[in-house]
Amino acid sequence: MTPKKSVQLSGVVVAESAICSIDPDEGVLMYRGYDITDLAEHSTYEETALLLLDGELPSSEALSVFESELADRGLPAKTAETIDRSAGVAAPMEMLRTAVSTLSFSDPGRGNTDASSARRTATRLIAKLPTIVTRYERRRQGLEPVPPDPSLSYSENFLTMLHGEHPSEREARAFDVAMILHAEHELNASTFTARIVAGTGADLTAAVVAAIAALSGPLHGGANEAAMRMFERWGTPEQTPPEVRAMLERKEKLYGFGHPLYRAYDPRAVILKRISEEFSHEAGEPNWYEITLASEQTVLEEKGLYPNVDLWSASVYRYLGVPTDLFTPLFAASRVAGWSAHVLEQYADNRIIRPSAEYVGEPRREFPAPDRA
Ligand SMILES: CC(C)(COP(=O)(O)OP(=O)(O)OC[C@H]1O[C@@H](n2cnc3c(N)ncnc32)[C@H](O)[C@@H]1OP(=O)(O)O)[C@@H](O)C(=O)NCCC(=O)NCCS
């Protein structure tokens, strides 16, 4: 019997796409033909999102128009109310999928799958997800939500709404880079989910709600939070190698390691690792960086596995003061650009996605007598 692989459909090509390419052996990731290392160095989240949606780097005029559309960050009353009611009871990803669902009640593009409606809805979602996440955080802390400031960039505004104070330039840039690096990643589980939902003719918000649900699991987007929980448990860099070895011995999963595609160092993790190191020096709090580094070295030695994006985003978000259970909602806020690009691509040449299963159950059986016990 062939051993069961831990990733189903691995290596099976199910769609043609012009959005994102990955070289798993060299550890290269490109959005629309641009290396993410260049985007992280020179682009902004707004520009990268537009590149993903439209396929080209925008002119400065097109970017300004998009930025002003993205400045419409306020929430409809129903959405605000949903967040306020769920703040004490719902986990962040439960709240997020519920609140995003309510956005469609007042979306002019509701129910439409034509390119211009879906494109407008995409902009609306990218603009409003940060307001949803940060309103929830402020409410559950018993604080007043910080209203969005349209004069600020996407990332400055996100951090300001989260913390109630303006970030430093360095913090805003680090956050922006993290958002760029999470914006898209080909046919991962949540993006495939979005395309399946879009393929039925459902609208973009429906596809994004389903994608948020898929992202929440610890084998996917939830891995960044799960990685930080491990670091918190280990406590110190010295304690990390024995804890890692013990987990490997017990055949437990180490979150933030391994990848269905990459056989080299995840290029997103390379950049986040550098940012984490810089913050560790600046903040005078090297613990999170050093624990992550010790785990990376031990897993590489013991198992030959590389870290993925979630290992190194965890400490960066911690240095930026993001609560651990908001790591995955942040991932969703960024990835909504990639999900939307894929849904637009799906609509452009749509067919319902309906694979088959190999039946391995009982062969045909007689229905038992009606007087069975
Ligand atoms: C992503 C993932 C499902 C890929 O699994 P995969 O394709 O089976 O991985 P590989 O084929 O490279 O596994 C090689 C070996 O390393 C082990 N391994 C892989 N990832 C591991 C991890 N995170 N922790 C512990 N062991 C792991 C496998 O069990 C396998 O062990 P074996 O040779 O003793 O059977 C897996 O690495 C994982 O669950 N990672 C943790 C979750 C995570 O961080 N997800 C975010 C991905 S961006």
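Both counts, for ligands and for their atoms, begin at 1 and track the order of listing.
- In terms of polar-atom proximity, Leu305 is not counted as a contact of ligand 1, lacking any N or O under 3.5 Å from an N or O of the ligand.
- Looking at Thr193, its side chain never comes within 3.5 Å of a backbone N or O of Ala211 through a donor-acceptor pair.
- Between Gly256 and ligand 1, at least one N/O pair is under 3.5 Å apart.
- Close contacts between ligand 1 and Gly258 involve ligand atoms 37 (O) [criterion: under 4.0 Å to a heavy atom].
- Between Lys253 and ligand 1, a contact under 3.5 Å exists for at least one N or O pair.
- For a threshold of 3.5 Å applied to N or O pairs, the pair formed by Asp310 and ligand 1 contains no separation below that value.
- Considering backbone and side-chain N/O atoms, His220 never comes within less than 3.5 Å of an N/O atom of ligand 1.
- Looking at Lys251 next to ligand 1, no N or O pair under 3.5 Å apart turns up.
- Pairs engaging residues 300-309 under the side-chain hydrogen bond (donor to acceptor under 3.5 Å, both in side chains) rule: Arg245-Glu302 [sequence neighbours left out].
- For Glu56, the CD atom is loosely surrounded, since the number of other residues' heavy atoms within 6.0 Å does not exceed 12.
- When each atom of ligand 1 is checked for a heavy atom of Ala223 under 4.0 Å away, the hits are 43 (C), 44 (O), 45 (N), 46 (C).
- When the side chains of ILVMFWY residues are joined at heavy-atom separations under 4.5 Å, either directly or via intervening members, Leu52 and Phe192 end up in two distinct hydrophobic clusters.
- Less than 4.0 angstrom separates some heavy atom of Leu219 from each of these atoms of ligand 1: 39 (O), 45 (N), 46 (C).
- On a distance-only criterion, Phe257 and ligand 1 share at least one N/O pair closer than 3.5 Å.
- Every atom of ligand 1 is numbered from 1 in the order shown, and the set under 4.0 Å from a heavy atom of Leu254 is 22 (C), 23 (N), 24 (N), 25 (C), 41 (C).
- Using a 3.5 Å distance cut-off with no hydrogens or angles, the side chains of Thr205 and Asp203 do not pair a donor with an acceptor.
- There is no side-chain donor-acceptor pair under 3.5 Å between Thr240 and Ser295.
- Put simply, no part of His185 is less than 4.0 Å from ligand 1, judged by heavy atoms.
- At distances below 3.5 Å, not a single donor-acceptor pair connects side-chain atoms of Glu225 with backbone N or O atoms of Gly222.
- Ligand 1 lies nowhere less than 4.0 angstrom from a heavy atom belonging to Met247.
- With no hydrogens or angles considered, no side-chain donor-acceptor pair links Ser340 and Arg124 at under 3.5 Å.
- Between Leu248 and ligand 1, not a single N/O pair is under 3.5 Å apart.
- Under a 3.5 Å cut-off, the side chain of Ser101 and the backbone N or O of Arg97 do not form any donor-acceptor pair.
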